[in-house]
Structures are given as C-alpha cells and as structure tokens.
Amino acid sequence: MVVLLLYAYCVGLPSSRKIEQACWEDAAFRVLTGNQQPDHSRISAFRRRHLSALAGLFVQVLRLCQKAGLASLGHVALDGTKVKANASKHKAMSHERMLRSEKQLEAEMRTLLRKAEIGWLPVSMRSSGVSGGS
C-alpha cells in the first residue's frame with residue numbers, strides 16, 4: 001500500500017478514489033498492486049492510520065530526489081522563452097538556505113497530505129468545516 005501511495009503521489013493522483021480507479025485501468029498501478037484493486041476506503045484508512053510515517057517517508061524521498069537532481073522546490077512553467085544564463089557563485093545554496101528549503105519542503109508535504117485527506121470528503125462536508133478524521 002505504501003508503494004501504491006508513493007507512486008500515485010508521484011504521478012499526481014492524491015485522491016483515494018482516483019487511485020482506486022487507476023488500479024483498475026492503469027497497467028503500472030496493476031503491476032504495483034499485484035493485479036489487486038484496493039477499495040478507496042481502504043486506501044484512505046491506510047493513509048489516515050499511517051499519516052505521520054508517510055509524511056516522513058515522502059520528505060525522505062523528496063530529499064533523495066533533490067540531491068540526485070531529479071526534483072526541486074517551487075513551480076516550473078515552460079513557455080519557450082529564451083533567457084540568457086547568468087550563473088553566480090553567490091546564488092549557490094548555503095547550508096542555512098538548504099535547511100530553510102527543507103522546512104519549506106516539509107510544509108509543502110504536510111499541505112499536500114492535508115489536501116489529499118480533504119479530497120475524499122464530499123463537497124458539502126468540506127465547506128462546513130467537518131473533519132474527515134475518525
């Protein structure tokens with residue numbers, strides 16, 4: 001289930017209902033689950049039960065990806081504009097800046113996990129402030 005959630009988040013599927021659907025329709029998800037299709041309620045319950053451990057795991061994975069140059073913080077937008085490079089040794093990331101970056105990464109991870117947790121609630125419950133936790 002951990003691999004399923006990790007892969008789903010990597011491909012942009014935080015919703016347990018969409019993850020369940022992908023387990024039926026997407027070959028990669030079917031391989032990861034051994035051709036089993038867990039119900040969205042099971043996926044959501046697993047995520048809630050192990051939320052703190054999953055948050056720590058996701059931060060570790062993102063740190064590894066960042067060190068390997070596979071990911072960076074922030075948003076990327078591509079529009080074809082050509083800009084002259086202006087590299088500077090002053091722009092290099094200091095240890096202090098890395099620590100701030102790590103804290104930002106953890107905050108973004110908590111926000112994404114909260115969004116994923118709220119995503120399974122019906123719209124009527126979201127607006128009334130009702131919590132989805134048990």
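Because the structure is a prediction, the values reported are computed rather than measured. Quick note: numbers below take in every heavy atom, side chains included, and nothing from hydrogens, waters or symmetry partners.
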Audit row: Gln37, Arg30, side chain to side chain contact (heavy atoms under 4.5 Å, CB included) steps and yes/no
CA-CA 8 Å; Gln37 292 77 28; Arg30 293 180 83 159; 4.0 Å; yes

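For the pair His40 and Lys18, the minimum side-chain heavy-atom distance is 4.5 Å or more. Counting heavy atoms from C-beta on, the side chains of Leu13 and Phe29 come closer than 4.5 Å. Looking only at side-chain heavy atoms (C-beta outward), Thr111 and Glu108 stay at 4.5 Å or farther from each other. Counting only heavy atoms from C-beta outward, the side chains of Leu51 and Arg48 never approach each other to under 4.5 Å. No side-chain heavy atom of Phe46 sits under 4.5 Å from any side-chain heavy atom of Leu4.
For Tyr9, the side chain to side chain donor-acceptor pair (under 3.5 Å) test picks out Arg47, with sequence neighbours left out. Residues satisfying the side-chain contact (heavy atoms from CB on, under 4.5 Å) criterion with Leu57, sequence neighbours excluded, are Val2, Val61. Residues that satisfy the side-chain contact (heavy atoms from CB on, under 4.5 Å) test with Leu62, not counting sequence neighbours, are Leu105, Met109. By the side chain to side chain donor-acceptor pair (under 3.5 Å) test, Asp26 is found to be paired with no residue, residues two or more places apart in sequence or in another chain being considered. Judged as a side chain to side chain donor-acceptor pair (under 3.5 Å), and not counting sequence neighbours, Gln60 has no contacts. By the side-chain contact (heavy atoms from CB on, under 4.5 Å) test, Ala55 is found to be paired with Leu113, residues two or more places apart in sequence or in another chain being considered. Annotation: side-chain contact (heavy atoms from CB on, under 4.5 Å) contacts of Glu96 (sequence neighbours excluded): Ser94, Arg100.
With values rounded to the nearest 0.5 angstrom, Leu32 atom CG is found 12.5 Å from Met1 atom CE. The CG atom of Leu112 lies 9.5 Å from the CZ atom of Arg114; values are rounded to the nearest 0.5 Å. With rounding to the nearest 0.5 angstrom, the OG atom of Ser41 is 7.5 Å from the CD atom of Glu20. Taking NZ of Lys103 as the start and CE of Met98 as the end, the distance is 14.5 Å to the nearest 0.5 Å.
Neither side chain, Ser101 nor Arg97, offers a donor N or O lying under 3.5 Å from an acceptor on the other.
When the side chains of ILVMFWY residues are joined at heavy-atom separations under 4.5 Å, either directly or via intervening members, Val3 and Ile43 end up in a single hydrophobic cluster. Both Val11 and Leu54 belong to a single network of hydrophobic side chains, linked directly or stepwise wherever heavy atoms of I, L, V, M, F, W or Y lie under 4.5 Å apart.
Under the salt bridge (charged side-chain N to carboxylate O under 4.0 Å, His left out) criterion, the residue pairs touching residues 51-67 are Arg63-Glu102, Arg63-Glu106, with sequence neighbours excluded. Under the salt bridge (charged side-chain N to carboxylate O under 4.0 Å, His left out) criterion, no residue pair touches residues 6-16, with sequence neighbours excluded.
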